[in-house]
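Here the structure is a predicted model, which means the values were calculated and not measured.
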Amino acid sequence: MLEKKRMCMVITTVASAFMVAAGSLSLAADKSDGTATGMESDQSIEAFTAGEMIYGIPELVCNRAGEAIAQAQRQYEEEVKKAQKAAEEAEKAQKAAEEAEKAQKAEEEAEKAAEEAEKAAEEAEQVAVQSPIDGVSASEEELLAALIFCEAGNQPYEGQVAVGAVVMNRVRSGVYPNSISEVVYQSGQFTPAMTGWLDCVLADGAYTESAMQAAMDALSGSNPIGDMLYFDCGGFGYQIGDHFFH
């Protein structure tokens, strides 16, 4: 559509130039001979109309018509160049927008992948924390039940399982020893083990059925405290009964 409009402009300019030329020729024909009679003037016009005086067009008129045509052509070419440049810039802008959209999409996908990876890692860690430990001996099971009785025998059942979970978290942590007995008897960790009360309960089998069930649940992966490694009777942390886990 734009090309057609520009071509029409050129044609209009050229036509205008020829009209000016024709008008100038008529005027020149009228004034070409100051001494000619009216009849001679009429004869000159008729001769021009018949094409006999076509080679008598004044040079100035031809030059102006040519300049008008050349100017129109230049304008047309300039408009074409501008249109081409605008089209190229629009194409570049479109490509830049597409690249930006692709980059945004890639960034969103990377963020989503990172979130999924983080979620998968958390789930794997949670599974590791709650997974049972194979190959636990009956003696270690009884040891854990005795410790639970000594530390939380008067606490809610969830608190008893939580004490067992602390022991199991330490076994899995890589920071503490990797067996139940070594964790329980590690120096300076559990008061009943240091005072000898734990050994007395264990020797007499004085732990309760609730403590044994809590030990079995902890060994099977039951864990109400996540990856917490400590508990005490005051301070801070997640409270279950009288104990704070952290």
Side-chain angles (χ1 to χ4, degrees), residues 1-9 74-136 144 148 152 155-180 182-184 186 189-190 214-246:
M1 188 65 181
L2 183 60
E3 293 292 332
K4 290 181 178 179
K5 290 183 178 180
R6 291 170 180 155
M7 185 59 69
C8 289
M9 180 183 70
R74 286 194 298 271
Q75 290 177 351
Y76 171 74
E77 292 175 352
E78 289 176 359
E79 292 295 328
V80 170
K81 290 180 180 179
K82 289 180 181 179
Q84 290 176 344
K85 184 176 181 181
E88 291 174 356
E89 291 177 351
E91 184 177 358
K92 290 180 181 179
Q94 179 65 25
K95 288 182 178 179
E98 291 175 355
E99 292 297 329
E101 185 177 357
K102 288 181 180 179
Q104 179 67 24
K105 186 176 180 180
E107 183 178 356
E108 292 175 355
E109 291 178 351
E111 291 178 356
K112 184 177 179 180
E115 291 175 358
E116 291 177 351
E118 182 178 359
K119 183 178 179 181
E122 291 176 355
E123 291 176 352
E125 182 179 357
Q126 188 67 20
V127 169
V129 168
Q130 296 182 355
S131 60
I133 295 179
D134 297 330
V136 176
L144 184 59
I148 290 172
Q155 296 300 308
Y157 181 74
E158 183 183 14
Q160 296 180 39
V161 176
V163 170
V166 166
V167 175
M168 302 311 297
N169 286 347
R170 291 191 180 191
V171 171
R172 298 185 184 96
S173 68
V175 177
Y176 291 89
N178 59 2
S179 70
I180 294 173
E182 289 178 316
V183 166
V184 171
Q186 187 177 16
Q189 297 303 308
F190 296 99
M216 293 172 63
D217 287 347
L219 289 169
S220 298
S222 180
N223 186 335
I225 58 168
D227 59 354
M228 297 177 183
L229 298 172
Y230 309 95
F231 69 92
D232 52 44
C233 291
F236 67 96
Y238 178 64
Q239 184 175 8
I240 302 177
D242 295 331
H243 289 154
F244 290 84
F245 296 84
H246 50 91

Looking only at side chains, do Glu108 and Gln104 share a donor and an acceptor under 3.5 Å apart?
yes
Taking atom types as modelled, find out whether Gln189 and Arg170 have a side-chain donor-acceptor pair closer than 3.5 angstrom.
yes
If I compare all heavy atoms of [X] with all of [Y], which pair ends up nearest, and what's the gap?
X	Y	result
Leu229	Val166	O-CG1, 3.2 Å
Ala162	Phe245	CB-CZ, 3.4 Å
Gly226	Asn169	O-ND2, 2.9 Å
Val167	Phe190	CG2-CZ, 4.1 Å
Val161	Pro224	CG1-CD, 3.9 Å
Met168	Ala218	CG-O, 3.8 Å

Asp242 (side chain) donor-acceptor with Gln155 (main chain) under 3.5 angstrom
no
Take Glu182 and Val171, measure what side-chain contact (heavy atoms from CB on, under 4.5 Å) needs, and give me the verdict at the end.
CA-CA 9 Å; Glu182 289 178 316; Val171 171; over 6 Å; no
In Å, rounded to the nearest 0.5 Å, how long is the span from NZ of Lys82 to CD of Glu79?
5.0 Å
Under the side-chain contact (heavy atoms from CB on, under 4.5 Å) test, which residues partner Gln239, sequence neighbours left out?
Phe244
Can you give me every donor-acceptor pair (side chain of residues 91-98, partner residue at least two apart or in another chain, under 3.5 Å) with its distance?
residue	atom	partner	partner atom	Å
Gln94	NE2	Glu98	OE2	3.3

Taking the six-membered ring for Trp, are His243 and Phe231 parallel (under 30°), tilted (30 to 60°) or perpendicular (over 60°)?
tilted
